[in-house]
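Written out below as structure tokens is the structure these notes cover.
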Amino acid sequence: MKDTFYLRLSALLMALLLNASTLSAVEKEQGMDEMWGEEKLSIQATHPSLKWFTEDKYAMFIHWGLYSQMAGVWNGQTYYGIGEWIMHMAEIPVQEYMDYAKNFNPDQFDAVGLVKLAKAAGMKTIVITAKHHEGFAMFDSQVSDFTITKATPYDRDLMKELADACQAEGMRLGFYYSQNQDWTEPYGGKYKGERPAGYTPDDFNIYFEQKVIPQVTELLTNYGPIALIWFDTPGGMPKEYSARLVDLVQGLQPDCLINSRIGGGYGDYVSLGDMQIPIVRPKVDAWETVDTTNDSWSYAWYDQNWKSPKAICERLVRVVARGGSYMLNVGPKGDGSLPEQAVESLTKSGEWIRAHGEAIYGADASPFDQGFSWGDITTKGQELYLHVFEWPQAGVLRIADLGAKVVQASLLQDASAVDFTQDGSILELNLGSKVGRDLPLISVVKLILDQPAQVTNPATQIDGLTPVTLLAEMATTEGCKHSDYRWMEKFGEWKHDYFIGRWGSEDAVATWDINVLEAGDYLVSIEYSSENDAAGSEWVLSCGDESITFVTFESGFDSTKSFQPGPPRYRNLSVSLGVLNIPNAGLNQLQVTPRLLKGKGIGLKGIRIEPYR
Ligand code: JFZ
């Protein structure tokens, strides 16, 4: 993670060298990056309410505010990016933005319908934006005029309606509250207007005392039990403010959970960077991934990149299999109705989730720290649930080294038996004739073991049936470095590229432990990026005495960096390297090392190993 810092630092230096006039833009963007920040994984999970949090697994996130009515458009122009940031993207003057509240009339909002949808989707909690960075209160607040009840033609307190509907339907309710950024509040963080005369940064205190404290008090007083409060973007806010909020929340509703974005190292659980589904199990007890049904958080008219029902189920399973919870966002339109596609994806994925709830709710992480190419695993004591996203060839699936004997195998959907053999350490399941017939989005095979699984060999399994990609995340490195390059695609849409780079010398080596279930020939390909000055570097990929020697090329620039100044981002190339014979089954090491290094070498993203037949 430290590398990200160097990347950013080098981005800054590079921009300085290239063109002094880009400095302010870079500073601005650097500031934003800091504001959005990355998460410290230092939280101690001790709050008693974490019991429900870790059991429930699945929550609905709702981004809804004045920006929803704008839907990504200001003055006839579309601003591509996360819709709730339109005030920032379009540089809308504060007074114009505040006046726009006159257009907000969510007469299609149906609190009961929304809660029923969340239930149908299999979700257990709803977390809604009570106040986002725009500063507008979606609830009836006494300490501001910029509220749904005072500044719009609509005069109902929708948060109250939602709270009542949640109570009636047994749904937990949480509030998102932007404690630091408030773009329409003269003393708020990142205020978008001209600061009042004599302003100093300490005046944040005025905003905090006069708006944040009273509004959070209102939210935790007037709406019944609040399951959690979701703070955000604490970057730059002095730690004592976070501490005060913790005290306030604990004093008003001791059962209420607080997420890590309260800042200052506080919070009861960790909210990972947006839309990040971790490849390796995070080393924290309680965490969540937040994600959205399309690309933007709030409704944007053009955004049709809807996740399919199956994709939603897979993402939920991957998160649960790594020990986390999943919060999936929907962005209602300004009138309060939901985009049809979001409703459809949520309903269809919900059918699967509820039908397979046994394998999700209250389930523990996989005994393996990483997923499989065919799918992933969740567990409950001696029960193991294999979520098969894609059935391997001929309906056969292999897993090695479970450290337990399988007593029974069946399909969770109808309890029908699944054939299996377990010779030595290798379990082989045969879904044979069942494949292709009436299977749900994801088939779940339930295994009953003679004891809880005890995985002693965590190496990535090469099962001889499915192509497996060894990702940079899984490698150990010597003389080269793990790096996480972050950039924005559309505005505010953070993407990551994780790779191994900064190869120091020909002694550097990246190593993957692999557990080969079937000796033989494998087709190996590599995915990497390369700068021009590293082109022509030569490499050796080896497994024991077998090896492939190859040369790497410049991979070319990627054009999607329009919102993130800095050094060019190089595209990833996928190159087929050749056939590698792995003579012995069992534990092997696959290594990549330079034999002639130019520049800093490649950004190595992954190695794909595919049975060669
Ligand atoms: C924040 C907000 O700015 C955004 O509008 C949205 O509400 C989102 C859920 O949260 O954006 C972030 C915050 C943190 C990260 C990325 C985007 N992060 O840590 O990578």
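Quick caveat, the model's predicted, so the values are computed rather than measured. As the structure lists them, so they are numbered: ligands from 1, and atoms in each ligand from 1.
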Of all pairs that satisfy side-chain hydrogen bond (donor to acceptor under 3.5 Å, both in side chains), the ones with a partner from residues 53-62, not counting sequence neighbours: Lys51-Glu55, Asp56-Arg172
Do any N or O atoms from the side chain of Lys131 and from the backbone of Ala137 form a donor-acceptor pair under 3.5 angstrom? no
Atom 7 (O) of ligand 1: of His63, Met488, His496, Glu84, the nearest heavy atom sits on His63
Out of Asp232, Thr129, Asp291, Val127, whose heavy atom is nearest to atom 1 (C) of ligand 1? Asp232
Record the part of Asn329 in heavy-atom contact with ligand 1 below 4.0 Å; permitted values are side chain, backbone, both and neither. neither
Logged contact type for His133 with ligand 1, heavy-atom cut-off 4.0 Å, is side chain
Has Lys192 got its NZ or CZ under 6.0 Å from the middle of the six-membered ring of Tyr97, at an angle within 45 degrees of the ring axis? no
Of all the atoms in ligand 1, which lie at a distance below 4.0 Å from a heavy atom belonging to Tyr176? 7 (O)
Return yes or no for this condition: an N or O of [X] is under 3.5 Å from an N or O of ligand 1.
X: Trp85; value: yes
X: His132; value: yes
X: Arg486; value: yes

Check this for me: does any side-chain nitrogen of one of Asp140 and Lys160 sit under 4.0 Å from a carboxylate oxygen of the other? no
Glu314 with Lys310: basic N within carboxylate O range, under 4.0 Å: yes
In this structure, does ligand 1 have an atom that sits under 4.0 Å from one of the heavy atoms of Val290? no
Going by side-chain hydrogen bond (donor to acceptor under 3.5 Å, both in side chains), name the residues that satisfy it together with Glu527, two or more places apart in sequence or in a different chain. none
Any side-chain heavy atom of Phe146 sitting closer than 4.5 Å to one from Glu185? no
